[in-house]
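The block underneath contains the structure these notes are about, expressed in structure tokens.
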Amino acid sequence: MDYTFNAIEAKWRQIWQERNTYKVSEDNSKPKFYVLDMFPYPSGAGLHVGHPLGYIASDIFARYKRLKGFNVLHPMGYDSFGLPAEQYAIQTGQHPAITTKENIARYRQQLDLMGFSFDWDREVRTSDPSYYKWTQWIFKQLFDAYYDLNLDKATPIASLIRTFEQEGNSNTNAVHDCEQRFDAAAWAAFSPEAKETVLQQYRMAYLAESWVNWCPALGTVLANDEIVNGVSERGGHPVEQKRMMQWSMRIKAYAERLLEGLDRIDWTDALKEQQRNWIGKSKGSSVQFAVKDADLQIEVFTTRPDTIFGVSFMVLAPEHPFVEQICTPAQAQEVQAYQQQAALKTERDRQADVKNITGAFTGAYALHPFTGQEIPIWIGDYVLASYGTGAVMAVPCGDQRDYDFAKHFKLPIPNIFADQDISEAAYSEKDAVIANSDFLNGLDAKAAMEKAISAIEAKGIGQGKTNYRLRDAVFSRQRYWGEPFPVYYQDGLPHLVDDALLPVTLPDVDAYLPTEDGEPPLARAAKEAWSCQLGERMEYNTMPGWAGSSWYFLRYMDPHNQEAFAGPDKLAYWNQVDLYIGGSEHATGHLLYARFWTKALYDLGFIHFDEPFAKLINQGMILGKSAIAYMGPDQKMYSLDMLPENKEGFREVRILIDLLNDDESIQLDALKAWQPQYAAQEFVCNADGKVLVKREVDKMSKRWYNVVTPDDLCEKYGADTLRMYEMFLGPLEQSKPWDTKGITGVHGFLKKYWRLFHLNGQFEVDDAQPSPAALKTLHKTIKKLTDDLERFSFNTGVSSFMICVNELTEQKCNNRHILEQLTILMAPYAPHICEEIWSQLQPTSQTIFDSEYPVFDASYLTESSFDYPVSFNGKMRFKATLELALSIDEVKEVVLAKPETQKWLEGKDPKKVIVVHGKIVNIVL
RNA sequence: GCGGAUGUGGUGAAAUUGGUAGACACGCCAGACUUAGGAUCUGGUGCCGAGAGGUGUGCGGGUUCGAGUCCCUCCAUCCGCACCA
């Protein structure tokens, strides 16, 4: 009987659905386990073989945990708001909701083919009003909260307002941007606008001006990604840095707790390190520099207050608000020209480009707070307006960027380090003794730091301070396809829409573009198009992609709840995500935002845990192998081996990988039919009459024509084969190129497993006692498999199954006990075939996934002897089979007496003999 | 530029705590069977060498009885860098 995988897989997919095999509900009799995948954005291209990698791993783990007796929550959904659907809508006029729905249907179809154990009753879609109702509701909680530093948590803003009414803000200890001090009387006298302006400076979700990449021609803000060489990727229009009123999230308030929480979660050190660096905690001091002949103080933050006597100039960001005020008439033209030039560069370009040192002198001078010396004030684009105070005190002898700037503009580089040579480069280590620094002379960096800070504080020109690189997160998008804000404006002030009116649904618009005067697309909506229309106008911005994805793991716990984002009982039962699998590209985006929202919801008393993901694994990316053909200057396509030495005038073109033969030659007729431009293509073939291509590893993407879809592979080899093959490719965390060729090995393995039950053409197992050899094979496999799963080593797990089946085949084993146990072990990896076999083994059972996981018994593996590898100076020369009962001294004695040993000793006396019991013998000559 | 990761046969990789480098597969070579098939089975396969043997985990150095594994320098590739998701 053949392994008819297509029929078997279709049959079991249907039975699982009919029997609700993967439906899960709260059950206090079992321990819970929550396995989560990062939900996909349903793109128009569908899934390629890279997408399911993490889902397969999580599915295996979820099924394993279920067999181990856990109540497993394993849901799936869609992060369905996003830019591509909107871009498509702009091009075609089709409503993004329609595209999104179609894409989701396609994704679902593809996911179903793979046999995942998702409980689809719990599916969520971030673009569904019943979901984003609660995204809006959470936004409202954040709007109505501030960060109280005494309680060290987010707290309802009402309590802050009470404080303001009673005593003003002089004694409040909160995270804020408010420069103003007022007492109760002043607060009472404030206009509603003034009050709200103050409150905005405290709210967790607040309106403030932020720097954005503004593209006037497109009337929109662009991501750094959408800007290439200073112009928009779409259309090639100029882009400038601009201040815009934007919603932001006060994530900085959580900087310290986001750091601290990392110590309590099981993530890789690499990922934690990335988050730590992103948050970028640094200790130092603020210092104010008075501007000469002006009533202005430039505030800087420095991590090296100990080097304050090394300051020889200051650099402001070109966008710094003081630039215009301090710039001298003589320098005005140069400064303005520089500002314009800088405004055209994105922050990333400015940071990445260190070779081109640019800047302009403002003509103004600051006064050194201790020496009174005049310090020239420059502007330079290596200083970023959005980081710190947007100004730095330049210490060229201690900071390489300052050093390079000084060298380039021939500014002085005073050396304040004793015995350090700074003629070639700055000395940035913190281990030098300070010199030429007045009261800091002779101190080490640490002592100088402390003394400098006290001096700065004593003078009242600054204070010791902890700074974070982390910036508050801009939360507005001038896009259509996102969550509308539950906000309207009255007298120019933002107000929250009442809970009863949620969700504020996306209104229909006539085009998905900004208005003529640069308002976001929602400004196009007619009044009637809004689900509610309050005040003077609704908020026209929408929320960013990360809004919906910052809390979806909570919604899965109770996806149909209409009264709350999730019921307290459900939240209490499922608690944290126990295992989260997804790509490392989310290290500093999604994973930080989700932690932030979780902490805020925890502070406000809605959930009982403040870290969302107890354990996290990053799966690597599956890369595609692009096919590169060469077009000659004569417009002929050259075979790779026919290229001339001089490739001038040749260009590389990527062609669809489906057009290749196994030997990496092009199917010429298929190429001609593929795209019109190749219809009459001429070729320069090699001696075999073939046109060979070069293969190169790229990201798997439609754009490189190197996509391999799971659908075809499921059709040809079955989902079980594909699942196991994806796991077999290599360690989950590692990136690896896709190569379909190897899949036959795994397919052959499943056939071999199938044959164990069909030795004589039909299903047959032997009910006798299993042989010791078979038991040994089985228990070795149980041990290895369980260890591998517990450390998420899925690839070696597949190898172990292969070894096990190879051994059982060798033993001609078709023993019921052995094969039943093996089938349960394998079921998480290859659920369809194992379920089919199980239904033959146990016809009354509903599903193999209600079985008990095999228990390892070490007694089947005990060995009495061991093949000791005998090494000489660390090089293995021969093996000696010895009883394990022998002591170390006995082993030494026996090995030294061996004739092989004598041969390798070459008559010399061993200097030393090292025996590690049960491991190795090493003889040192 | 900054931050993170990776580097082992022709290919994907294994080696979990410093203890036999290359398990398991793909590919390739040889053979068996055969209705000639991209089926199945058997044997071989890191490199150099006829062999004995030598050599080998990106390069160079170090620690150790012993290093793919630990330390230092360098090189290459990949990911992220705040409005892509």
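Computed over heavy atoms, backbone and side chain alike; hydrogens, waters and symmetry mates excluded. Protein chains get the first letters and strands the later ones, always in sequence-line order, with residue 1 at the start of each.
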*asked:* For A:Tyr41 and A:Tyr78: C-alpha separation, side-chain torsions, deciding distance, then whether ring pair (Phe, Tyr, Trp, His ring centres under 6.0 Å) applies.
replied: CA-CA 6 Å; A:Tyr41 173 79; A:Tyr78 305 95; over 10 Å; no
*For A:Tyr132 and A:Phe81, run ring pair (Phe, Tyr, Trp, His ring centres under 6.0 Å): C-alpha distance rounded to whole Å, both residues' side-chain angles, the deciding distance at 0.1 Å, then the answer.*
CA-CA 10 Å; A:Tyr132 68 67; A:Phe81 273 133; 5.7 Å; yes
*After noting the C-alpha distance and the side-chain angles of A:Tyr3 and A:His747, does the key distance pass the side chain to side chain contact (heavy atoms under 4.5 Å, CB included) rule?*
CA-CA 10 Å; A:Tyr3 169 37; A:His747 191 60; 4.3 Å; yes
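A sub-4.0 Å separation between OP1 or OP2 of B:rA82 and a side-chain N or O of A:Asn224 is present. Taking only side-chain nitrogens and oxygens, A:Lys875 never comes nearer than 4.0 Å to OP1 or OP2 of B:rG66. The side chain of A:Arg471 places no N or O atom within less than 4.0 Å of a non-bridging phosphate oxygen (OP1 or OP2) of B:rA82. Contact check, A:Arg755 against B:rC41: a side-chain N or O comes under 4.0 Å of OP1 or OP2.
Looking at heavy atoms from C-beta onward, A:Thr100 lies out of side-chain contact with A:Arg125 at the 4.5 angstrom threshold.
Following rounding to the nearest Å, A:Trp704 (CH2) and B:rC78 (P) show an atom-to-atom distance of 12 Å. In this structure, A:Tyr41 places its OH atom 7 Å from P of B:rA85, rounding to the nearest Å. Rounded to an integer number of Å, the gap from A:Lys892 NZ to B:rC65 C1' is 12 Å. Here the P atom of nucleotide B:rA82 and the CD atom of A:Gln241 are 11 Å apart, to the nearest Å. We find that CH2 of A:Trp738 is positioned 13 Å from C1' of B:rC26, with the value rounded to whole Å. The CG atom of A:Leu384 sits 11 Å away from the C1' atom of B:rC2 (whole-angstrom rounding).
The side chain of A:Met621 approaches B:rC79 more closely than any other nucleotide in the set B:rC24, B:rC26, B:rC79. For A:Ser584, counting side-chain heavy atoms from C-beta on, the closest listed nucleotide (B:rA39, B:rG53, B:rC79) is B:rC79. When distances run from any side-chain atom of A:Ile803 to the nucleotides B:rG19, B:rC83, B:rC24, the shortest one goes to B:rC24. Closest to the side chain of A:Val212, out of B:rG66, B:rC83, B:rA21, is B:rC83. With B:rA39, B:rU20, B:rC83 as the choices, the nucleotide that has an atom nearest any side-chain atom of A:Tyr593 turns out to be B:rC83. Between B:rG19, B:rG53, B:rC41, one nucleotide has an atom nearer to the side chain of A:Val916 than all others, and that is B:rG19. The nucleotide whose nearest atom lies closest to any side-chain atom of A:Lys919 is, among B:rG54, B:rU20, B:rG19, B:rG19. Of the candidate nucleotides B:rG19, B:rG38, B:rA85, B:rA85 has the atom lying nearest to any side-chain atom of A:Asp79. Checked against B:rC83, B:rG53, B:rA82, the side chain of A:Trp904 finds its nearest nucleotide in B:rG53. Closest to the A:Glu226 side chain, of the nucleotides B:rU20, B:rC83, B:rA85, is B:rC83.
Annotation: A:Tyr725 is in aromatic contact with A:Trp738 [ring centroid separation under 6.0 Å]. A centroid separation of less than 6.0 Å is found between the aromatic rings of A:Phe485 and A:Phe475. Taking the six-membered ring where the residue is Trp, the centroids of A:Tyr403 and A:Phe405 are separated by 6.0 Å or more. For A:Tyr254 and A:Phe596, the gap between ring centers is short of 6.0 Å.
At the heavy-atom level, A:Glu273 lies under 4.0 Å from the strands shown only through sugar-phosphate atoms. In this structure, A:Arg479 reaches the bases: a heavy-atom distance under 4.0 Å links it to at least one base atom across the strands shown. Note on A:Lys879: a base of the nucleic acid sits closer than 4.0 angstrom, heavy atoms only. Contact annotation for A:Arg695: no contact, since no heavy-atom pair falls under 4.0 Å across all strands. Contact annotation for A:Ser871: no contact, since no heavy-atom pair falls under 4.0 Å across all strands. Residue contacts for A:Gly545: at a heavy-atom cut-off of 4.0 Å it reaches no nucleic acid atom on any strand shown. The residue A:Ile923 sits apart from the nucleic acid: no heavy atom pair falls under 4.0 Å. Residue contacts for A:Trp546: at a heavy-atom cut-off of 4.0 Å it reaches no nucleic acid atom on any strand shown. A:Asn806 comes within contact range of the sugar-phosphate backbone alone, with a heavy-atom separation under 4.0 Å but no base atom that close.
In this structure, a donor-acceptor pair under 3.5 Å is absent between the side chains of A:Glu810 and A:Asn806.
In textbook terms, a nucleotide whose glycosidic angle is within 90° of 0 is syn, and B:rG9 is one such case.
Residues forming a side chain to side chain contact (heavy atoms under 4.5 Å, CB included) with A:Glu209 (at least two apart in sequence, or on another chain): A:Arg243, A:Met245.
For B:rU20 and B:rG68, the P atoms lie 9 Å apart once the distance is rounded to whole Å. As rounded to the nearest Å, B:rA25 and B:rU35 have C1' atoms that lie 31 Å from one another. Here, B:rU11 and B:rG58 have their P atoms 13 Å apart, quoted to the whole Å. A gap of 40 Å separates the C1' atoms of B:rA85 and B:rU17, to the nearest Å. Comparing the C1' positions of B:rU45 and B:rG9 gives an interatomic distance of 10 Å, to the nearest angstrom. Rounded to whole Å, the separation between the C1' atoms of B:rG56 and B:rG46 comes to 8 Å. Distance check on atom P: B:rU42 versus B:rC79 gives 42 Å, rounded to whole Å. B:rG61 and B:rU55 are spaced 15 Å apart, taking the P atom of each and rounding to whole Å.
Across all strands shown, B:rC33 forms no Watson-Crick or G-U wobble pair with both distances under 3.5 Å. The partner of B:rU20 is absent, by the rule that a Watson-Crick or G-U pair needs both atom distances under 3.5 Å. Figure legend. B:rC47 is base-paired to B:rG54; pairs are counted as Watson-Crick or G-U wobble with both atom distances under 3.5 Å. For B:rG38, there is no paired base (Watson-Crick or G-U wobble, both distances below 3.5 Å).
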*Going 5' to 3' through nucleotides 5-16 of chain B, assign each nucleotide B (protein heavy atom under 4.0 Å from a base atom), S (under 4.0 Å only from sugar-phosphate atoms) or - (no protein heavy atom that close).*
S------BSSSB
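Between A:Phe866 and A:Tyr868, the ring planes are perpendicular. Angles over 60° get that label, and only those under 30° would be called parallel.
For residues 542-551 of chain A, the set of pairs meeting the side-chain hydrogen bond (donor to acceptor under 3.5 Å, both in side chains) definition, not counting sequence neighbours, comprises A:Tyr131-A:Trp551, A:Thr135-A:Trp551.
The base of B:rC83 is paired with the side chain of A:Gln246 by a donor and an acceptor separated by under 3.5 Å.
Both A:Ile743 and A:Phe866 lie near RNA chain B, and the one whose nearest nucleotide falls closer to the 5' end is A:Phe866. If you find the closest nucleotide of RNA chain B to A:Leu222 and to A:Asn277, the one lying nearer the 5' end belongs to A:Asn277.
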